[in-house]
Structures are given as structure tokens and as C-alpha cells.
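Keep in mind the model is a prediction, meaning the values are calculated, not measured.
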Amino acid sequence: MRVYQRFAYLSLTAVAIGLSGCQGYVKKADFDAAINDLRANQTKQQQEIDSLTQQMQQKFAQYDAKIAEMNGRVRVDTVSHFAFNDATLRDQDKPLLDDFAKIVSKNYPQAVVTVEGFTDPSGSAAYNYRLGRKRAEAVRDYLVSTGGMSADQVRVVSYGKAANRQVLKGQSGDSGEPNRRVSLVVDFAGAETQASPAPGQASASPQG
């Protein structure tokens, strides 16, 4: 939330400077009105974030998912897991995605959803980057085609086997399933989530 606030204030300052350059000054009443509007929008946004968090905590209590607020966003960790070297969405993970799509589409259509794909650490970084993306795309496609969410509202990013994002450090195979996952981030501020750059060339070795 603080990141969004700084960006908003900087944007407003830039507008004020632009107006000053064109007109010689900015009326204090106009500037104060703009500040009040900004604060009102921030308050409304935080209320939406709090409301969404509460709804998901209640709705997703039956699922193995963690809900957290962070910098103007709501993160839903571990919405689906995948078999080794596979990007097929499992049937048991679909009910949570159905509930997620209903809540966001009905109450927060202005929010942007980022689907994050992860793998376990086995194999090359390049292959795992693509595998993580395929997993994210599988969830994105389900949210759009079955959940009814707008394609413009859902984007994907892959973190592959990034060590700092692994649930169980260094674990692969049967014990590494927690690492082979997809998480969802609901972004009210509309800030871009940067994908990790595709590392190197693809490897033919099996990955997680």
C-alpha cells in the first residue's frame, strides 16, 4: 500500500508542477481538493482489500491456502499443486479457483490478478521457467474459460525454481510437491508485477 501511496503522491506532484508551468501557479483549493480525493480513494481501496481478505479467509478455510495482505494487494498462496514435470491442473484444485473467480468477478472486477507459477529445484533454470509459466497459464485459462473472469484481468508470471520462493528449500520429487504450485495475487493498485527474465537456453532434462 505504501508503494502505491508514494506513486500516487508523486503523480499528483507532477501534475501540480505541470499546471504551474502552464498557468504560473496552482490554486490551493484545487490542490487541496485533489489531495482529499486521493486520500478518499486510498481509504476506499484499503476497505476493499480488507473486505476481500475477510471473504477469502472465510470462504477458503476448507482449502490448503494462506491469505495475506501486502502493499495494496491480497495474496492467496498455494491454490494448486502439480505432479513432477507436469502442468495439468488437478480436479481437486478447481473448487478453490471457482470460488476465487466468483468473489473477484462479482465484487472486485477492477482488480488485476497475477497468477504466479513455481517449480521444484530439479533440472535447469530455463526449463523450469517455462514449466512454471505453463502451470500459471493452466490456472489463468481455467479462471477465464470456466470461472468467467476477463482475460484482460488475469496475467501470468513464472518464478520457476527461484530459491527464495521455494516452500521446502531444495526439495524435489515426492517431497517437493509443495514447491510445484501456483499462487494468486489480487492487485488493487494496478502496479505491474515483473516476471523473472527467461534464463538461458532450454534443457532437455526432466524438471520439477
Side-chain angles (χ1 to χ4, degrees), residues 1 3-4 41-120 131-160 162 165-168 174 176-195 208:
M1 191 66 182
V3 173
Y4 172 69
N41 288 336
Q42 290 173 344
T43 299
K44 179 182 179 182
Q45 183 185 93
Q46 187 60 49
Q47 290 173 344
E48 290 178 333
I49 291 173
D50 293 341
S51 177
L52 176 60
T53 301
Q54 292 174 4
Q55 289 182 64
M56 288 189 173
Q57 286 174 338
Q58 294 172 358
K59 192 70 173 180
F60 296 167
Q62 59 184 308
Y63 304 119
D64 181 23
K66 298 179 181 179
I67 316 297
E69 293 185 18
M70 43 171 278
N71 295 328
R73 299 168 179 163
V74 177
R75 172 180 290 279
V76 186
D77 273 326
T78 316
V79 298
S80 58
H81 288 104
F82 295 84
F84 183 80
N85 196 31
D86 188 71
T88 304
L89 184 62
R90 304 185 306 181
D91 288 340
Q92 59 262 45
D93 293 327
K94 293 177 180 179
L96 183 152
L97 296 176
D98 291 336
D99 288 338
F100 176 87
K102 289 176 183 176
I103 292 173
V104 175
S105 296
K106 180 179 179 180
N107 301 301
Y108 310 96
Q110 81 286 0
V112 175
V113 176
T114 300
V115 186
E116 301 179 334
F118 303 88
T119 70
D120 68 36
L131 181 57
R133 187 172 184 85
K134 288 180 180 178
R135 288 171 176 168
E137 288 173 344
V139 171
R140 186 270 313 277
D141 292 346
Y142 184 83
L143 291 173
V144 172
S145 63
T146 303
M149 297 187 68
S150 168
D152 295 334
Q153 186 182 13
V154 189
R155 58 196 179 189
V156 299
V157 62
S158 174
Y159 290 97
R165 304 299 294 269
Q166 292 174 23
V167 176
L168 297 178
D174 291 342
E177 185 185 63
N179 293 325
R180 301 190 295 271
R181 70 197 192 281
V182 160
S183 296
L184 301 170
V185 177
V186 186
D187 187 353
F188 288 85
E192 290 294 331
T193 298
Q194 297 297 326

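Residues Leu184 and Leu143 have side chains in contact (heavy-atom distance under 4.5 Å, counting atoms from C-beta outward). By the 4.5 Å heavy-atom criterion applied to side chains, Asp93 and Tyr142 are not counted as neighbours. Ile103 is listed as a side-chain neighbour of Tyr108, based on a closest heavy-atom distance under 4.5 Å. With contacts defined as side-chain heavy-atom distances shorter than 4.5 Å, the pair Val104/Gln153 qualifies.
Just one residue in the list Arg73, Arg75, Arg135, Arg181 forms a salt bridge (charged side-chain N to carboxylate O under 4.0 Å, His left out) with Glu116, and that residue is Arg75.
The cationic group of Arg165 lies under 6.0 Å from the six-membered ring centre of Tyr159 and within 45° of the ring axis, placing it in a cation-pi geometry.
Put simply, the side chain of Ser183 gets close to the backbone of Thr78: a donor and an acceptor are under 3.5 Å apart. Remark: the backbone N or O of Ser80 is not paired with any side-chain donor or acceptor of Arg90 at under 3.5 angstrom. With hydrogens and angles disregarded, a donor-acceptor distance shorter than 3.5 Å links the side chain of Asn179 to the backbone of Leu168.
For Lys134, the NZ atom sits in a loose shell: 12 or fewer heavy atoms of surrounding residues, nucleotides or ligands are nearer than 6.0 Å.
Nearest heavy-atom pair, Ser105 versus Gly147, reported as atom, atom and distance to 0.1 Å: OG-O, 4.4 Å. Of all heavy-atom pairs between Leu89 and Ala138, the closest is CD2-O, 4.3 Å. Val186 and Ala111 get closest at one heavy-atom pair: CG1-CB, 3.6 Å.
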Under the side chain to side chain contact (heavy atoms under 4.5 Å, CB included) criterion, do Phe100 and Val113 qualify, and how do the steps go?
-> CA-CA 11 Å; Phe100 176 87; Val113 176; 3.9 Å; yes
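Atom CZ of residue Arg133 and atom CZ of residue Arg140 lie 7.5 Å apart, to the nearest 0.5 angstrom. Within the model, atoms CZ of Phe118 and CG of Leu131 stand 13.0 Å from one another, a figure rounded to the nearest 0.5 Å. Atom CE of Met149 is separated from atom OG1 of Thr146 by 12.5 Å, given to the nearest 0.5 angstrom.
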